[in-house]
Amino acid sequence: MKKAHLLIIAVLALSAGFIVSWIVSDSKPVKLEAGLWFGDQAKILPDFQLLDHNNQTLGKSELSGKWSLMFFGYTHCPDICPTSLQTLSDMLNSIDDIDVRRKVQIIFISVDPDRDTPTILKTYVQYFHPDLIGASAPLSELNRLTSVIGIAHSRDKITGNQRVYGVSHSSAIVLLNPEVEFAGLFGAPHDGHAMARDLVKIIERN
Amino acid sequence: MIKPLFFIALFFFSAPGSAESLQITEAWIKNLPMVVPMRAGYMNITNNGSSKIAIESLASESFEKIEIHQSIEIDGMMSMQPIHGLAVLPGESIQLEPGGYHLMMMNPLQDLKLGDKIIVTLRYDNQTTQTIIMVVRK
């Protein structure tokens, strides 16, 4: 009897252990080839209101229904931003499955709203890809979004010419799901092909 | 046809005088729409000589100002810092490439389009200058 009890206890403990580890592992972000996927732990975002490159409101309702990749930068950034936007554009083109590609939208969000008007943003983003969306908002509104998704940005100290300044910014690409929840993150350096493979897997399974 | 081209190339890629200079290859400028007043320039720099050479300054009639910058990432934040006097040791090569060292080319003084050849003059700390051609590329 004692042995049987011990066996039952052992089996129960083992099962409990499995269940606990399953729950714990499920709540952890899943490491993808090029980033992190939050799975069931996607974060609900507060309401925010950006202005897109056609002077139209871009908020949660406009973004819903598609998978959104958001990259934050500014048009006066000559090196990192063009490189990242080129990578994202090539990434979009490399998705062969048209149905999957149609479910993806790429949004370049300027953290330099003083200089990046909708007109400038439109010419800039569409240089890289006709489907790219440019957007921005006053910093206070931008921060409602960026503070929740952990995107830091700050204007460098201005010396001399007030129009010549840099803006430091997070290099991560943020993934929002069709419910406009913060669902994943792709860190730099960005590998467009690996990102495309990750996205296809995520979209096909969800 | 070949001969004049050869002499033009010789003119642009060799430094005047006998002082040592750097070998510059693959020099190009990232094309962007004209609404954007900044361009990044990239190149491979090799010092085949026997003494250290630093690039003191760069100038072009096609840009108001050119500086050497470096993109750096600290804790996931990207920023740029100016590099003063980029030095290349004998036998050393330095790549100016996306995401690292690059030329920060400010305020184009002319329309720039794909295929344009832009003349840029590098001034070294040994008081020599070298003129190169940078091609505007995608």
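No hydrogens, no waters, no symmetry mates; every other heavy atom, side chains included, goes into these values. Every chain is numbered from 1, with letters handed out A, B, ... down the list of sequences.
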Please state whether the side chain, the backbone, both or neither of [X] comes within less than 4.5 Å of a heavy atom of chain B.
X        : result
A/Ser171 : both
A/Phe72  : neither
A/Tyr124 : both
A/Gln126 : neither

### Message
Please check if the number of heavy atoms outside B/Leu114 that lie under 6.0 Å from its CG is greater than 12.
### Response
yes

### Query
Does A/Arg144 make a cation-pi contact with A/Phe48, if we ask for NZ or CZ under 6.0 Å from the ring centre and within 45° of the axis?
no

## Note on the structure
Honestly, the part of B/Pro98 sitting under 4.5 Å from a heavy atom of chain A is both

### Task
Please state whether the side chain, the backbone, both or neither of B/Asn31 comes within less than 4.5 Å of a heavy atom of chain A.
both

I'd like to verify something: which residue of [options] has the highest number of heavy-atom pairs under 4.5 Å with chain A?
options                     : answer
B/Gly100, B/Gly41, B/Gly76  : B/Gly76
B/Arg39, B/Met78, B/His69   : B/Met78
B/Met106, B/Met34, B/Met104 : B/Met104

### Task
Identify, with sequence neighbours excluded, every residue that meets ring pair (Phe, Tyr, Trp, His ring centres under 6.0 Å) alongside B/His102.
none

### Summary
For A/Ser136 and A/Leu142 the tightest heavy-atom approach is OG-CD1, 4.3 Å

### Message
Restricting to side-chain hydrogen bond (donor to acceptor under 3.5 Å, both in side chains), what partner residues turn up for B/Ser79, sequence neighbours left out?
### Response
none

### Task
Name the orientation class of the two ring planes belonging to A/Phe71 and A/His190 (parallel below 30°, tilted from 30 to 60°, perpendicular beyond 60°).
perpendicular

#### Entry: Sole candidate of B/Leu112, B/Ile133, B/Ile132, B/Val135 that passes side chain to side chain contact (heavy atoms under 4.5 Å, CB included) when paired with B/Ile118
B/Leu112

### Task
Count the heavy-atom pairs under 4.5 Å between each of A/Pro189, A/Ser170, A/Gly187 and chain B, then report the option with the highest count.
A/Ser170

